[in-house]
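The next block holds one structure in the form of structure tokens; read it before the comments.
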There are 2 protein chains.
Amino acid sequence: MSVQEIRSFNRFYTNLIGALDYSRHLYAPYTLTESRVLYELAHSPRTDVADLRGELSLDAGYLSRILAKFEEDGLVERTPSERDPRRRRVTLTPRGRTAAELLDERSREAVGSLLATVPAAERERLTAAMATVRAVLSDGTRRPPRADDVLLREPVAGELGWIVQRNGAVYAAEFGWNADYEGLVARIVADFAQDHDPYLERVWIAELDGRPVGCVMCVRDEAPGTARLRLLLVEPEARGLGIGDRLVGAVVEFAREVGYRELVLWTNDVLAAARPLYQRHGFVLVAEKAHRSFGVDLVGQDWRLQVQSGAL
Amino acid sequence: MSVQEIRSFNRFYTNLIGALDYSRHLYAPYTLTESRVLYELAHSPRTDVADLRGELSLDAGYLSRILAKFEEDGLVERTPSERDPRRRRVTLTPRGRTAAELLDERSREAVGSLLATVPAAERERLTAAMATVRAVLSDGTRRPPRADDVLLREPVAGELGWIVQRNGAVYAAEFGWNADYEGLVARIVADFAQDHDPYLERVWIAELDGRPVGCVMCVRDEAPGTARLRLLLVEPEARGLGIGDRLVGAVVEFAREVGYRELVLWTNDVLAAARPLYQRHGFVLVAEKAHRSFGVDLVGQDWRLQVQSGAL
DNA sequence: GTTGCATCTCTGACTGAGTCAACTATCCGC
DNA sequence: GCGGATAGTTGACTCAGTCAGAGATGCAAC
């Protein structure tokens with residue numbers, strides 16, 4: 001159960017942060033809370049006492065005393081707020097600013113020396129993983145992603161391989177397909193990579209929060225004036241956002257623009273979720289045929305869409 | 001600079017943990033430190049006072065008092081350690097155990113309600129990212145990985161695609177090769193996946209800490225009795241551990257075992273790091289030829305290794 | 001304008017988490 | 001058996017953080 005793992009991570013990270021500030025030399029001569037106040041003052045443009053209190057969730061009396069001490073030491077100035085005489089505006093003096101910078105510097109150094117123990121090649125993985133933790137945990141408070149958070153773009157280096165990898169892994173996990181399928185995807189991708197007409201054939205990657213979560217390919221079919229939609233895939237975690245819809249839509253639009261008369265695709269009946277998707281875009285099922293592939297018994301389906309009636 | 005990102009993550013995560021324990025109802029009627037002691041007592045088999053002190057890095061006097069209070073409340077028993085009368089062994093009483101479980105339960109609940117805001121599909125990503133953060137940051141304190149931490153195994157679903165992806169991305173980043181190369185890799189992988197002799201052809205994945213960091217393939221060549229080593233790759237971050245050496249070694253051994261007479265490979269002179277590797281295993285350079293591929297000018301090299309003199 | 005209630009800040013009084021130093025008892029190496 | 005380290009206890013202290021109350025002001029209702 002992931003609750004255990006998270007708690008374990010919490011203990012780990014709490015210890016880590018504790019170790020970073022071994023014997024709190026980091027904050028001297030201030031306390032952790034005082035440092036937080038200084039940091040906030042240095043980084044936040046809104047600096048009424050009430051704002052500080054809200055931001056750092058401190059006791060009003062405690063904060064008042066901290067600021068009084070800061071004022072005495074010449075780190076801050078307290079002036080009445082113009083729009084509400086009950087409030088007081090707090091601003092750092094130059095001296096306060098250097099104090100904040102000193103603390104900042106020390107913290108940067110401590111983190112830097114921690115980071116120095118991490119091989120350079122791993123740092124990218126580290127920051128990426130941190131970003132993921134943050135994104136996922138903030139997600140609860142943030143609005144869920146929508147279809148228009150998704151960016152459709154062409155693949156960058158490695159992403160054709162990503163298509164192979166994810167097709168192979170997802171269909172193996174969901175339907176038990178064997179490596180034959182992954183091989184088929186690799187061949188389709190290879191054909192595309194090594195020889196495709198950039199005007200008439202294209203691959204789209206759906207990107208969400210900077211990482212690929214879906215793909216689709218449009219290539220010429222044997223029949224003249226016909227395009228084939230292939231390798232439509234949306235990551236399980238990104239389903240339900242309308243990404244598949246946008247990918248199919250992109251292909252249909254592309255096929256229309258560049259002048260294909262017809263768009264066809266081959267799929268299997270176990271991919272039931274995609275069925276309404278194709279129908280919504282006007283595809284019609286024209287043939288079904290049982291076959292054995294990828295280590296399982298399947299029913300293949302041919303779908304067709306009349307893209308435009310006029311000839312090319 | 002990643003120091004900034006880590007500090008930012010620290011602030012984020014500190015706040016998160018703080019929010020988890022809003023108004024410290026989590027620990028009541030104990031303090032955070034007391035809870036940590038209880039947790040440690042409940043989860044660690046070694047429970048001398050000195051061990052506790054080391055594990056939690058607490059002040060000796062402070063801990064002594066905490067334990068005295070626990071004893072008074074009937075949560076623990078303190079008995080002299082048999083092997084060193086200075087030491088005292090601390091054990092939880094049944095009552096102490098239920099207290100620890102209550103705290104545990106509360107903490108689990110708090111984390112659980114945090115986790116409830118995370119969509120189920122994201123949880124796996126979250127725990128994976130946490131594991132990564134942990135692994136990378138522990139690495140500094142842990143011994144660096146060695147070649148024998150690496151496991152060579154056959155690929156699982158999706159990993160043929162991984163080979164394509166990483167080959168494409170790494171060579172694009174390091175040498176500027178274009179998608180032609182990724183396509184070539186995809187074709188090699190496709191050929192392998194769709195039709196290979198499981199006794200005479202094989203792919204190895206090098207796994208480090210549970211994730212793939214390298215690969216190599218051995219397939220039959222046109223010439224009879226000849227095997228070809230292909231797609232040798234080690235992730236930049238995992239280089240210098242001797243992984244390439246083990247991969248090449250695995251191929252050579254495999255070729256010898258199944259009875260190939262000769263092992264050949266084709267590479268390019270820009271891959272200078274691999275050169276001593278091949279030489280060490282007895283490969284000799286037999287031909288060089290300039291060519292233009294993957295969008296750049298290269299010098300291809302053919303290498304050869306006599307695996308065994310006797311005929312098959 | 002006044003009344004009632006909320007908000008902002010400050011002060012005094014307090015709690016209690018954590019630290020430091022001194023002390024005793026024991027272990028270990030020589 | 002001596003010197004130095006280690007284990008645990010106790011007393012004295014510090015200071016981060018909390019709580020309650022007071023004075024000043026804002027805001028809305030009458």
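Just so it is clear: chains get the letters A, B, ... in the order the sequence lines come, proteins before strands, and each one is counted from 1. Both backbone and side-chain heavy atoms feed into the values below; hydrogens, waters and symmetry mates do not.
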What's the [atom1]-[atom2] distance between [X] and [N], to the nearest Å?
{"X": "B:K69", "N": "D:dT10", "atom1": "NZ", "atom2": "P", "answer": "16 Å"}
{"X": "A:R88", "N": "C:dC10", "atom1": "CZ", "atom2": "C1'", "answer": "9 Å"}
{"X": "B:L32", "N": "D:dA16", "atom1": "CG", "atom2": "C1'", "answer": "15 Å"}
{"X": "B:E71", "N": "D:dT10", "atom1": "CD", "atom2": "P", "answer": "11 Å"}
{"X": "A:L63", "N": "D:dG17", "atom1": "CG", "atom2": "C1'", "answer": "12 Å"}
{"X": "A:L52", "N": "C:dC10", "atom1": "CG", "atom2": "P", "answer": "11 Å"}
{"X": "A:D59", "N": "D:dG21", "atom1": "CG", "atom2": "P", "answer": "14 Å"}
{"X": "B:L58", "N": "D:dA7", "atom1": "CG", "atom2": "P", "answer": "15 Å"}

Audit row: A:R7, B:D104, side-chain contact (heavy atoms from CB on, under 4.5 Å) steps and yes/no: CA-CA 10 Å; A:R7 290 182 62 206; B:D104 222 53; 3.0 Å; yes
B:R78 vs D:dT9: side-chain N/O to OP1/OP2 distance below 4.0 Å: yes
Any B:R53 side-chain nitrogen or oxygen under 4.0 Å from OP1 or OP2 of D:dA7: yes
Touch class at under 4.0 angstrom, heavy-atom based, for B:A60 against every strand present: base
Sugar-phosphate, base or nothing in reach of B:T33, heavy atoms under 4.0 Å: sugar-phosphate
Check: [Y] main-chain N/O paired with [X] side-chain donor or acceptor under 3.5 Å:
{"X": "B:S57", "Y": "B:G54", "answer": "no"}
{"X": "A:E207", "Y": "A:L152", "answer": "no"}
{"X": "A:E34", "Y": "A:T31", "answer": "yes"}

More than 12 heavy atoms of other groups within 6.0 Å of B:E72 CD: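 Check fails, neighbour count at 12 or below.
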Candidate list B:R89, B:R53, B:R86, B:R88, test salt bridge (charged side-chain N to carboxylate O under 4.0 Å, His left out), partner B:D48, passing option: B:R89
Validation row, ring centre A:F9 to ring centre B:Y13 under 6.0 Å: yes
Close N/O contacts between protein and nucleotides 25-30 of chain C (under 3.5 Å):
{"from": "C:dT26", "atom 1": "O2", "to": "B:R86", "atom 2": "NH1", "distance (Å)": "3.2"}

Check: B:R65 side chain, D:dG11 base, donor-acceptor under 3.5 Å: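 Under the 3.5 Å cut-off, the side chain and the base do form a donor-acceptor pair.
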Nearest-nucleotide pick for B:R87, side chain only, options being C:dA17, D:dT9, D:dG8: D:dG8
